[in-house]
Amino acid sequence: MTLNSNGIYTGFIKVQMELCKPPQTSPNPGKLAPSSNGCMNTLHISSTNTVGEVIEALLKKFLVTESPAKFALYKRCHREDQVYACKLSDREHPLYLRLVAGPRTDTLSFVLREHEIGEWEAFSLPELQNFLRILDKEEDEQLQSLKKRYAAYRDKLEEALSEAWKPG
């Protein structure tokens with residue numbers, strides 16, 4: 001890693017590709033698409049690059065035409081014979097994490113994986129928006145029902161309390 005005069009670090013990170021299926025790529029005889037067999041790729045970035053930018057750079061490097069939103073970057077930590085994988089948020093900075101963890105890749109490594117989207121990717125955006133409208137409506141109905149139920153319970157409780165406090 002190199003510290004530049006502006007206070008920004010630049011350096012390389014290694015990212016292991018763990019893809020379920022080969023991604024869609026644009027045809028280019030000189031470039032090979034990353035395979036699903038766990039190949040390791042090196043990427044030169046700065047400490048200001050975010051996870052989203054790293055994913056975009058990896059996909060661009062291999063001419064992957066799929067949306068970066070379909071992928072996630074994970075950090076893999078090794079501690080006391082245990083391996084922990086944690087999805088990084090788009091606001092995190094992988095080179096900074098690498099710097100803090102130190103140079104040993106056996107303590108911290110990065111993995112690019114596909115999001116586990118499931119069946120939702122089969123729906124169009126208008127269909128998904130319609131699902132959200134339906135869910136919002138159902139949520140509102142449930143909330144109103146819950147408010148009515150607890151208002152009735154509160155009324156009965158207040159009535160019971162007022163009966164208990166009447167001088168007898």
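Counting from 1, the numbers follow the sequence of the chain as shown. The figures here come from the full heavy-atom set of this structure, side chains too, leaving out hydrogens, waters and symmetry mates.
Residues P94 and L73 approach most closely at CG-CD2, 3.9 Å, considering heavy atoms. A57 approaches L43 most closely through the heavy-atom pair CB-CD2, 3.9 Å. The heavy-atom pair separating L58 from V15 by the smallest distance is CD1-CG1, 3.7 Å.
Judged purely by atom type and a 3.5 angstrom limit, N6 uses its side chain to pair as donor or acceptor with the backbone of I8. Checking side-chain atoms of K61 against main-chain N and O of T42 turns up a donor-acceptor pair under 3.5 Å. For E53 (side chain) and T50 (main-chain N/O), a donor-acceptor pair under 3.5 Å exists by modelled atom type. Under the 3.5 Å distance criterion, the side-chain polar atoms of H93 are matched with a main-chain donor or acceptor of N49. Side chain of D140 to main chain of K137: no donor-acceptor pair is present (N/O by atom type, distance under 3.5 Å, no hydrogens or angles).
The number of heavy-atom neighbours closer than 6.0 Å to CD of E141, taken from other residues, nucleotides and ligands shown, is above 12.
The hydrophobic clustering, which links ILVMFWY residues whose side-chain heavy atoms are closer than 4.5 Å, places M1 and F110 together. Put simply, F12 and L3 are part of two different groups of oily side chains (I, L, V, M, F, W, Y) that touch within less than 4.5 Å, one to the next.
Ion pair R113/E18 flagged as a salt bridge, since at least one NZ, NE, NH1 or NH2 atom sits closer than 4.0 Å to an Asp/Glu carboxylate oxygen.
Put simply, CD on E56 and OG on S67 are 9.0 Å apart, with the number rounded to the nearest 0.5 Å. Atom-to-atom distance recorded for F71:CZ and M17:CE is 7.5 Å, nearest 0.5 angstrom. Note that the CZ atom of R149 and the OH atom of Y153 stand 11.0 Å from one another [nearest 0.5 Å]. Between atom OG of residue S109 and atom CD of residue Q16 there is a gap of 7.0 Å, rounded to the nearest 0.5 Å. In this structure, the separation between SG on C86 and CG on L97 is 9.5 Å, given to the nearest 0.5 Å. Rounded to the nearest 0.5 Å, atoms OG (S46) and CG (L95) are 7.0 Å apart.
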Side chain to side chain contact (heavy atoms under 4.5 Å, CB included) for L88 and Y74? Distances and angles first, verdict last. CA-CA 5 Å; L88 297 172; Y74 291 79; 6.0 Å; no
Could you check T10 against I45 for side chain to side chain contact (heavy atoms under 4.5 Å, CB included), going step by step and ending with a plain yes or no? CA-CA 6 Å; T10 56; I45 61 170; over 6 Å; no
Kindly indicate, with the supporting measurements, whether the criterion side chain to side chain contact (heavy atoms under 4.5 Å, CB included) is fulfilled by E66 and L59. CA-CA 8 Å; E66 293 180 78; L59 298 180; 5.9 Å; no
Carefully, step by step, assess T2 and Y9 under the rule side chain to side chain contact (heavy atoms under 4.5 Å, CB included). CA-CA 5 Å; T2 306; Y9 282 91; over 6 Å; no
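Using a 4.5 Å cut-off on side-chain heavy atoms (C-beta onward), V51 and S89 make no contact. Taking 4.5 Å as the limit, every side-chain heavy atom of V83 sits out of range of all side-chain heavy atoms of C77. L143 places none of its side-chain heavy atoms less than 4.5 Å from the side chain of E139.
S162 and E159 share no side-chain donor-acceptor pair at under 3.5 Å.
With I13 as reference, V54 is the one residue of N41, L108, V54 to meet the side chain to side chain contact (heavy atoms under 4.5 Å, CB included) rule.
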